[in-house]
Amino acid sequence: MHIRKYDVDYGRRALLQKAALGAGAGVLAPLWPLIASGADTSKAYPDENMSVEMYTKGKVKTGDYVTAANVDAVKNLLDPITYKQVKEMGRKIKIVPTVTDASLLYPMGFLEASLKNKGKAKFDATGNIVEAASGKPWIGGLPFADAKDANEAIANLTLSWGRHDYCQYAIRQWDIAPDGNQAYQYDFVWAELQAQARVDGTVFQGKDDLLRLQSVWFTAPQDTAGSSFLSTWYYDQRKFPDLYGYLPAFRRVRQFPTNQRFEPLLPGITWFLSDAWAAGDPMLTWGNYKIVGRQPMLGAVSQNWHGSSKNWELPVHGGPKGQTFFDTNFSMCPECIVLEAEPTGYPRAPVGKKRVWIDVRNQQFVAYITFDRRGEMWKSFEPGWSRYQDGSAIVKDAKGNSDWSWTYVLSHDIQANRMSRIMHTESTSGGYKSQLSTNGVDVYNKYLTNQAIQRLGTA
Amino acid sequence: MESFRFRLAALVMRHRGLTAMIFVLITAFFAVGIRNVELKTIFSDLLPKDDPFVQVFKDHPNFGNPLTFTLMIKHKNGDIYNTETLSKVWQLTRDIDLAPGVDHDQILSIATEKARYAEATPYGIDMRPLMEDHVPSTPAEIAEFRQRVDKSPNARTFLISGDETATLINATFIEQRLDYGEAFKYVHGLVAKYKDADHDVYMAGQPALTGWVYAYESQMFWIFAATLGALILALALYMRNVVGIVTPIVTSLVAAIWGFGFVGWLKSPIEPLLMIVPLLLVARSFSHCVQFTERYYEVYSHVGDRVKAAEITMGVMMAPSVLGIFTDIVGIFLIAIAPIPAMERFALFCGFWAIWLIPTGVVLISLLLATLPAPRNVDRLIGKGQTGGLHHGFQSLLRNIAKLSYGRTARFTTVIVAVLAVVAVYESLQIRIGNPVEGSNLLWYDSEYNEAVREINAHFPGVNTLEIVLEAKNPNDPARVARQADTVMTMMRLQSIMEQGANPPRATLSFADYLMEGNRLFAGGNPKWLPLDPDNAATNAAATAVTVGSSSKAFSHVIDFDQENSTVSLWYKDNKQGTVDAALKAASAAVQEVGIDHDKFTVRLGTGTIALQQAMNEVVERFHWVIIGLLNLVILAGCSLAYRSLVAGLILLIPVNLANFILNAAMHLIGIGLDINSLMVAAIGVGVGIDYGIYLLSRICEEYHAQDKDWGRAITASLTTTGKAIMFTATIMFIGILPWYFLSGLKFMADMGLLLVLTMLINMVLALVVLPLLVWLVKPRFVERKDLLVGEGVDLSQFTAEGQHDNSVPGHLAGAMK
């Protein structure tokens, strides 16, 4: 508990000032020493940044639901599309306790790498991130744990998406039409293998020109099952990834234009490759990065994993047919970087800019929206994060800690009013299971080569 | 004097304050409703809702690109393969992405990534945009670009013209975000921006048409104001006194407030395209007031008391006024028989407005006349003493016209009218249905929009489409019906049958075309792989091949978002009736051949401009005579009752029907067909046109007694008094409506104005010539009766202390006094 020597607006003013000065995280005290020592992060912020009750002067409390009736009290803590969903579309959000132990916001291995390598990264002359001492590609964890400018913040998001060296997500997606009906439903697997910037500090099979390999293969419905994509990311963030698709019926690989980043993978899907992880494109293919503010936010950063439910699926509600939104838990994020960037490397991009709210405690995004070139809001890509522990249900890492990952995404095209509800499930059609490590399997040859995706199509 | 109408008149005059207060309160109530009034063109509401083609259109509104702006850039002196033209295409494509409400996923031009070409490589299929991330600027780049276009059959057919001088940019908008006025203004601004000495830019598509209509509708308010000004000026010139000018204005204004307020409270949008009819009602209200006021002048001149004169006038004029307005109401309400929602709403709006003319045109006007200062020029206006030049001129002319209808001259007139009638009926029966134009009949031939449509039709498959819809029985079928083999094979069969028929369309397109192309590419590129195997595995594979990496919106012209419903589009060179008939006949036969009912879908013919044009024609054909027939029956019943004579009803109906035949004959001779405009004009023409006859016939009845049962003198006296008011009325209508023909950018409105003016003029002439002629020929017995419901006679001696002191009392009044 802090002495309330500050008025209730102190936190907001202090964050504005910090944003202008380019200072690091924390208001009352620097944040990262607290994280490094495993201390309570609430020491770094005034009460109104840590408590939604204090922020709203009691109008919204932990345990309450944010609904159309009270959302105005937290309007400044939500991105504008989430606000609109609650205010106009029947969405409700439960408020859960603020996380004060920052380690709960990471996979433990990634946090350890971030702390171990803190202060060792820099940008080279090309704008890429290198280990300062060697000039070689980054060695793992957050390169800029206490990001002070926009380039550092986007580097944290881009260099390691899932914060594991290998992730395999079994995903079920429902695409909801404006009338609230389900228009499409897909099952697919998303796999990402870090070639560099790995938690284990190695370079995967000597692939020192690559950052990651990433593939998607669809397993349902039947007519799209076997369709798959392989994206090869270069470490050099100025280069576009290679993108190949495979159509099992023709036994043909199709090469997509490398700069085709603003199209859905399949019909009915609202999100583009460019939207993934709020950093779906190599960071140097975008430009005009800037931090436009720092502010507290409400974000789905904890208690969002339903491991005790069937296939980990979240209940749904809201919208015209009661199935547009997941039931989600939000909590106070005391300080978020508000970052903006423009797709300067894409002369035909329909997107004008993106705005990303990044929680400084784990440098992960809690809200992301894109604007069209007229400056009107277009899409949101809202993630839910969680430690994978739900009562007795638990997913552990190699060291026995509960693991951490994303749990859901709500991708909402607010202009066409189409919603993609994306769920990180336990398993999906075809028998694929989610996993946050290779588990000793040769995942590269199994899932992440052109031959592999062709085999996936015939399986 | 014991009749209800006179008792009511006396009651109103005794309680003038209370009656006025009731009017104020009702007017205030309706005035509040005006805030809800919405002027809005709902284009789909202009279509007959019970037509099967319209039902297909409404069930599948996304087919036929209803939300797409189409821009064509044309190089005037060469082909498009040069940096300047391609730069325009690039920049225009980027600029249209900034349009308010545009769907960023549905912009297509040769400069977008969606326009692709494909190559089979040893490693697979390489699909790339036709244009790289920049405009080709060197000869080598332009040559490369041209080669890529050659590898993209769809781009060659639908994006670049055969002569390579023109290219299209299509931008589809999101319905719930589309503000037609705003989008039109923005896109039209781009047209102006990108035109130059070497390039024309044309804009078409349904949103462009809507935008043009909205733009012209805003112009409508100025024309409305100008026309009303002209009406008031005409009134001032005719009346030259305060009462005569203020009374019609206040009366008409109050009726208008009630009319608008009523639909405001009902929250029923008003169709601006038909706003000429309310103006007709204003003119109608003005002319009615003139008739009423002139009679008031006559009475006032005799009794010398404003209140008493108003009371008498109200009693006298109530029945003919109500009967005249009754026919208007019938004419307007009967328009609603045609099952066109916009017309139903409009009949409600205008029909009730016409009903409001009864309390305002009978009671309110009497209150005003009793209250406003007495005019000083009464004697001049009623022809006593020195008459003004205008009035004198009218009377001289009418005296000569009257001579045509009685005595020896009547024989010649009868022959001429009979010949005219035979010719008119014969010619009018030859009239064709429909007025097909290339583009939209709402706009003039040389309008920017219709010119754009002609140009686009000249370079591309164009806009005259017939859509045959394959409708999924289960709209949420998990198998995605549009991708299934039976559906795809049916599409291909329909295309094949139509293409090999006697009058083939100039182009056909369906989802099957994309699937075949996908099949060819993914099977290695050889054209021999174009045909699809007739099984679900093959069609699904091809569908996945073409839709992977893109949104189904990219195919929204041939399948819906959910890939359940699909359409076969057939393009025709024009929409002339012969083409439409042949297309529909062939399509109907093709649908029968492939079968309407399939396991998972139903084949429905159809939608698109060809089918919807036919729907409009059919509704005119179905209802033109029905409406006229019913109108005749209702009016015959009403008038026969009022005059207590079936002969009276027939005498009144013959001129108005003859007027209708003459109008249709004239239209046929100058090459205009029957359309929805003429349907409305016919109904209104009969309803409003018969007023002239009612006023004149009632006067003849009175003058017959006043002129000692001399038919010739009775006709002459009627024409020089009531006939004068009829001529003025017709002039008022003429002034009120004709300017629309010259001022409106909307051909639809102008046509309606012209037809209304013509029908009113013809009705006037026939009322002044044919009706008295019929009376002369028939010499009906009802004229001799003095107890007619619509009789205008009154014994004014009861109201004057001197009794019959005035020898200059007009004939009918003097007669009534005897």
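Lettering follows sequence order; numbering is per chain, from 1.
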With only heavy atoms counted, which part of [X] is less than 4.5 Å from chain A, the side chain, the backbone, both or neither?
X: B:Gln106; value: neither
X: B:Ala537; value: neither
X: B:Asp97; value: both
X: B:Glu175; value: neither
X: B:Thr93; value: neither

Name the option with the most non-hydrogen atom pairs under 4.5 Å to chain B; the candidates are [options].
options: A:Ala249, A:Ala416, A:Pro264; result: A:Pro264
options: A:Gln222, A:Gln185, A:Arg418; result: A:Arg418
options: A:Thr270, A:Leu265, A:Asn450; result: A:Leu265

Any chance [atom1] of [X] has more than 12 other-residue heavy atoms, nucleotides or ligands included, within less than 6.0 Å?
X: A:Lys84; atom1: NZ; result: no
X: B:Lys185; atom1: NZ; result: no
X: A:Asp179; atom1: CG; result: yes
X: A:Lys87; atom1: NZ; result: yes
X: A:Trp277; atom1: CH2; result: yes

Minimal non-hydrogen separation, A:Phe229 against B:Val548, with atom names:
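Closest approach of A:Phe229 to B:Val548: CZ-CG2, 3.2 Å.
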
If you measure from [atom1] on [X] to [atom2] on [Y], what distance do you get to the nearest 0.5 Å?
X: A:Asp413; Y: B:Asp105; atom1: CG; atom2: CG; value: 7.0 Å
X: A:Phe262; Y: B:Ser551; atom1: CZ; atom2: OG; value: 15.5 Å
X: B:Arg177; Y: A:Gln415; atom1: CZ; atom2: CD; value: 3.5 Å
X: B:Leu98; Y: A:Arg374; atom1: CG; atom2: CZ; value: 7.5 Å

Using atom types as modelled and distance alone, determine if a side-chain donor or acceptor of B:Thr544 lies under 3.5 Å from a backbone N or O of A:Asp223.
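Yes: the side chain of B:Thr544 pairs with the backbone of A:Asp223.
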
Greatest number of heavy atom pairs closer than 4.5 Å to chain A - which of [options]:
options: B:Glu564, B:Lys553, B:His134, B:Gln176; answer: B:Gln176
options: B:Lys114, B:Glu113, B:Arg116, B:Arg94; answer: B:Arg94
options: B:Ser552, B:Pro100, B:Ala99; answer: B:Pro100

Check for me whether B:Arg480 meets the cation-pi criterion with A:Tyr184, that is, NZ or CZ under 6.0 Å from the six-membered ring centre and within 45 degrees of the ring axis.
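Verdict for A:Tyr184: a cation-pi partner in B:Arg480.
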
Please lay out, stage by stage, how B:His104 and A:Arg373 fare under the test side chain to side chain contact (heavy atoms under 4.5 Å, CB included).
CA-CA 10 Å; B:His104 307 296; A:Arg373 293 169 56 238; over 6 Å; no

Could you look at [X] and say if it's the side chain, the backbone, both or neither that has a heavy atom under 4.5 Å from chain B?
X: A:Pro347; answer: both
X: A:Glu376; answer: side chain
X: A:Asn181; answer: neither

Side-chain touch A:Phe250/B:Asn519, heavy atoms, less than 4.5 angstrom
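Of all side-chain heavy-atom pairs linking B:Asn519 with A:Phe250, at least one is under 4.5 Å.
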
Is any side-chain heavy atom of B:Trp90 less than 4.5 Å from a side-chain heavy atom of A:Arg348?
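Result yes, sub-4.5 Å side-chain heavy-atom pair found.
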
